[in-house]
Every structure is written in structure tokens, then in C-alpha cells.
Amino acid sequence: GNSISSGATSRITFPWTAELGNHTIKVITDSNDSVAESNETNNEKEITFSEALSIDLTIQDVTWTPLSPSATWEDVIFYVVILNQGKVSVNKRFYISYYVDGVYKTYNWIDAISTGESITTIISWPGTSTKGIHSVKFVTDSYENILESDETNNSKTITLTVQ
């Protein structure tokens, strides 16, 4: 083994492939109690941290056409901009769902999104035949397939008036 002089410090490194999520690392010196010490109770240190490399999906913007839909069987087309404002790319499929007046309608799937990238997905609300003011909510990563540093910023709600 290595030796260390009284009052000195020693740095030891070990490889670890970081993964997204919360982690606890525990280091124990003299783990076999092979060195006689005046204090055997201070030989370990444990730290817990959230991985600095994280994903954070959010809905940046929603626009639609026509701007003032009528109560015909006309479709409303939504252009939903999803942003990955985290520090890690998403390389697996996730979903964006939408709801009208609290009722689930459908979803689109997104294959991947790089760090800092925004992508636009197109969602159609077919046959908007009900006049009135409607609440339309979009939720990215709606099935929570992606572990994110912030799970509270995944939705955006707009108000749409059908005439």
C-alpha cells in the first residue's frame, strides 16, 4: 500500500462514468483497520449530489393557425417549440401530449433533442366545432420517460377562442 507522512495529504483518483440522477459517494480510508490510530471513527466521508450533467425539457413557445378558428370542422394546427435547456442531450424517445379543457387528446413522439436545441413539433386539433374559450395544455415528456433536473416546467397552457 501507499504510505503517508504525519500531517500530509494524498490524492487518489478513480474512474467513474457519471450517470444522470442523484448519487452518494462514500470514501473510507484504512477500511481494514490495519493502521493503529488515535481516532478510528473519522475514517470515512460521504457526499450526496445531483449530477451536474442534466436534462431539462421545457415548452418554449406555442403558436397556431388559424389564429381565430371558427366553429366549423376546420383543424387548428399547433406549432409547439420544445427546448432542451439542460446540459445533456436526450437520445431516446419521449412524448408531448395535449389536452383541451382538461381532456386528453393525443400525443406526438420526439426521437431526440440535443443540448441547447429547440425543435418544433406540429400537433393538430381536428374539427374544432365547439364555440367558446378553450384551455389547451401541452406537456412535454408527458409519460416521464426522461429524468430531468426540473420536472416542474414541462407544460404550457394557452387560451384559444373558437368563434
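The figures here come from the full heavy-atom set of this structure, side chains too, leaving out hydrogens, waters and symmetry mates.
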Note, Ile96 side chain near Val139 side chain (heavy atom, < 4.5 Å)
no

Taking C-beta and beyond as the side chain, do Thr130 and Val162 meet within less than 4.5 Å on heavy atoms?
no

Using a 4.5 Å cut-off on heavy atoms from C-beta on, say whether the side chain of Ile77 contacts that of Trp64.
no

Is Val100 reachable from Ile123 through a run of hydrophobic residues whose side-chain heavy atoms are each under 4.5 Å from the next?
yes

Grouping I, L, V, M, F, W and Y whenever their side-chain heavy atoms are under 4.5 Å apart, do Tyr104 and Trp109 come out in a common cluster?
yes

Should Thr140 and Phe94 count as side-chain neighbours, where that means a heavy-atom distance under 4.5 Å?
yes

The reported gap from CD in Gln60 to CG in Asn153 (rounded to nearest 0.5 angstrom) is 12.0 Å

If you draw a 6.0 Å radius around OH in Tyr107, do more than 12 non-hydrogen atoms from other residues or ligands fall strictly inside?
no

Between Asn108 and Ile122, is there a donor-acceptor pair closer than 3.5 Å when you use the side chain of the first and the backbone of the second?
yes

Closest heavy-atom pair, Thr63 versus Asp61, reported as atoms and distance to 0.1 Å, is CG2-OD2, 3.7 Å

Does Ile133, at its CD1 atom, have more than 12 non-hydrogen atoms belonging to other residues, nucleotides or ligands within less than 6.0 Å?
no

The test is side chain to side chain contact (heavy atoms under 4.5 Å, CB included); show your working for Leu57 and Val90 and say whether it passes.
CA-CA 9 Å; Leu57 299 172; Val90 177; 4.1 Å; yes

Hphob cluster co-occupancy, Val80 + Leu67, side-chain heavy atoms under 4.5 angstrom:
yes

Within the 4.5 Å heavy-atom criterion, are Leu160 and Trp125 side-chain neighbours or not?
yes

So, do Pro69 and Gln163 sit near enough that their side-chain heavy atoms are less than 4.5 Å apart?
no

Has the side chain of Glu40 got a donor or acceptor atom that lies under 3.5 Å from a matching backbone atom of Glu37?
yes

Can Glu148 and Asn154 be said to form a side chain to side chain donor-acceptor pair (under 3.5 Å), step by step?
CA-CA 10 Å; Glu148 298 179 65; Asn154 288 3; 2.8 Å; yes

Interatomic distance, CD1@Ile82 vs CD1@Ile110, rounded to 0.5 Å, equals 4.0 Å

Would you check if Ile119 and Val81 make a side-chain contact, meaning some heavy-atom pair closer than 4.5 Å?
no

Is there a side chain to side chain contact (heavy atoms under 4.5 Å, CB included) between Gln85 and Thr115? Walk through the geometry before answering.
CA-CA 6 Å; Gln85 60 189 12; Thr115 299; over 6 Å; no

Between Asp150 and Thr152 (side chain of the first, backbone of the second, donor and acceptor by atom type, cut-off under 3.5 Å), is there such a pair?
yes

Calculate, to the nearest 0.5 Å, the distance between atoms CD and CG belonging to Glu117 and Leu83 respectively.
9.5 Å

With hydrophobic residues grouped by side-chain heavy-atom distances under 4.5 Å, do Val62 and Tyr99 end up in a single group?
no

Distance check, rounded to the nearest 0.5 Å: Glu44 atom CD versus Ile28 atom CD1?
5.0 Å

Would you check, one step at a time, whether the test side chain to side chain donor-acceptor pair (under 3.5 Å) holds for Ser89 with Asn91?
CA-CA 6 Å; Ser89 295; Asn91 295 315; 5.1 Å; no

Strictly under 6.0 Å, is that where the ring centroids of Phe78 and Phe138 end up?
yes

Looking only at heavy atoms, the pair that brings Tyr98 and Ser124 closest together is OH-O, 3.0 Å

So, do Tyr143 and Ser97 sit near enough that their side-chain heavy atoms are less than 4.5 Å apart?
yes

Run Asn84 and Asp56 through side chain to side chain donor-acceptor pair (under 3.5 Å) and show every step you take.
CA-CA 6 Å; Asn84 180 1; Asp56 187 15; over 6 Å; no

What do the steps show when you test Ile146 against Lys92 for side chain to side chain contact (heavy atoms under 4.5 Å, CB included), and what is the final call?
CA-CA 8 Å; Ile146 309 297; Lys92 69 178 188 176; 3.5 Å; yes

When every non-hydrogen atom of Pro66 is compared with those of Asp75, the smallest separation belongs to CD-O, 3.7 Å

Do Ile113 and Tyr79 belong together in a cluster built from hydrophobic side chains that touch within less than 4.5 Å?
no

Which distance, rounded to the nearest 0.5 Å, do you find between the NZ of Lys137 and the OG of Ser155?
4.5 Å

